[in-house]
Amino acid sequence: MAARPSIRGLAPYFKRLGPRTQVALCQLPLSLIVGVLGVISPFSSPSLLASPLYLAGIALNVILFLACFLTPWERLRPSAYLIIPVLDLLAIGLLRNSALAQLPGLAVLAVFPVIWLAASGILVRTSLVLSAVGPFLIMLPSAAGKFPNITGTDITPLVLVPLVMFAVSLAIRFASVNMRVQQRELQAMGEELRELLAASREREKLLMTILDATDVGIVAVDADGNELLTNDRQRRLQQAATPAGAAAGDENHHLIFAQDKVTPLPPNKYPLRRAIEGETFADYLVWIGESPQQRAVSTAARPLMNDGGRLTGAVVVFSDVTGMVEAMAANEELVSNVSHEFRSPLNSILGNIDLVLEDAEGLSDLTVRRLEVVQRNSERLLALVSDLTLEAFSALKVHPKRTDISGLVETSIGSAQAQAERSSVALVADVPSPLWAYADPLRIGQALDNLVSNAIKYSPDGGTVTISAAGTEDWVRLVVQDTGMGMAPDVAAKVFRRFFRADSAREAAIPGAGLGLSITKTILERHGGAIACASALGGGSTFTMTLPVESGG
Ligand code: ADP
């Protein structure tokens, strides 16, 4: 629907007209009425044509209308055009007093010049006086003609008409003052808004400069995925992610790959898509672009909510971690190579000690004891080295199958029994049998051994280690709980890090390398499961492993 032009909407058009047309337009309503009078009076009241005053009134009006067009108002003072409404009053006076009998009520025409004078806003006081005096003078001759037999009926219009016109003038004056106040307020508001806009533009520029100067890619999108803000770094990453010759806007075939660098990520796993779906994530590693320019990018997303808590978009941050990932890979390769090199001499030492101890008859007891110490420490060293190799072996393989977890728990308890007895720790199992899960028995057995042996190791004053398990339709939960030394919760949050050891464990001189739990975590993750630790210093620890019941669960 087309918008109707409002009065305020007309103002710009009016301003664009020249001053002559503007003045003529103000005069037009009165001139039209007088024009109609001029046309109909020969028919309705032919006698008027004989009245020179009446004809002079009409002629004056015509002259005034023409003067509106012909006078160079632009060269005169701004108030000059007010002469027109003043002379209008004269013309109305001539018309009214000459056609009193034939056309009574012509005095009302004075409302046009009165409105014009009042609305002009110029010479306010003079205009107010004129709006009363003018009509008074228009009404005066008829009343004066009755003198001295003047009655109340004659005086009433003489007072009432100027009074009404004066009231009209006042009303218009007040209305226009009110309008002007509102206009001024609007102007002030407009000014304020302009200043706010300029300030917010400044801030936006500052924000963009800061964002462009940062080394991370940042993109903000609305709920439909339309970009609200993108910094330079992000634009460069997006370029790298767009295959050469891809159709513009084809977002489904980006060069975004999974952690193995080669498997293309399905579009619903793209960081931006996940963020638009309302997911919050951090450290989500993807590879962007193609070799040799391929970059490892760690992404994080936060949803944007409006005041009502409705999802309105998301902010996603992309940090280039290629250097770090490459350094970690090089580190792992080094560890892997070193441990591989350690293995052969260690195996040779152990093999030879075994041979010597098998045939220990000629050896003294002391020598045998010393060789046994060498054997124990070599075994420990070999265990450490294999842990290192396993950890460094980033593609640690698991072969899950339907496995009875209760059997694994039983085996684990059996092999930990001797260690538990040495440490005066009681082992308790509370596991339903059978308890099926989708697990690699070798690896989950290793994880379980790790947790049970830790639970005993970190209970130096004895206690109880309880292994319990429970299953739901989708998950099996395996819990290893001890009553040992425990850890502060903030320490417990770090135990799955490589080489992490709690200060309390070091101070108590409990041997360890800080690798077991990180391997255990890797094993669980490779199963699609998880591990968590809850602990309190001096209050024991609880490790909970979660495994899927079915493949892909
Ligand atoms: P390690 O036991 O060889 O040091 P782990 O990776 O198995 O390495 O454990 C890492 C650290 O976590 C340990 O050094 C110890 O401080 C802490 N920890 C592990 N299990 C327990 C437990 N059951 N109670 C208390 N602390 C533990």
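Everything numeric in this text was worked out from a predicted model, so none of it was measured. We count ligands from 1, going down the list as the structure has it; atoms in each ligand are counted the same way.
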Only pairs under 3.5 Å count here: list side-chain donor-acceptor contacts from residues 213-224, not counting sequence neighbours, and write none if there are none.
from: T214; atom 1: OG1; to: L211; atom 2: O; distance (Å): 2.6
from: D222; atom 1: OD1; to: D224; atom 2: N; distance (Å): 2.9
from: D222; atom 1: OD1; to: G225; atom 2: N; distance (Å): 3.0
from: D222; atom 1: OD1; to: N226; atom 2: N; distance (Å): 2.9
from: D222; atom 1: OD2; to: N226; atom 2: ND2; distance (Å): 3.2

Throw together a table of side-chain donor-acceptor distances under 3.5 angstrom for residues 352-359, partners on residues two or more places apart or in other chains.
from: N352; atom 1: ND2; to: S348; atom 2: O; distance (Å): 2.8
from: D354; atom 1: OD1; to: Q375; atom 2: NE2; distance (Å): 2.7

Got the residues with a heavy atom under 4.0 Å of ligand 1, by chain and number? N454, A455, K457, Y458, D482, M487, V495, F500, R501, A502, A505, G512, A513, G514, L515, G516, L517, S541, F543
Does anything in residues 414-425 form a side chain to side chain donor-acceptor pair (under 3.5 Å)? List the pairs, not counting sequence neighbours. none
On a heavy-atom basis, the closest approach of A492 and C533 is CB-SG, 3.8 Å
Shortest non-hydrogen contact from A296 to D320? O-OD1, 3.4 Å
Can a cation-pi geometry be assigned to R274 and F281, taking NZ or CZ under 6.0 Å from the six-membered ring centre and within 45° of the ring axis? yes
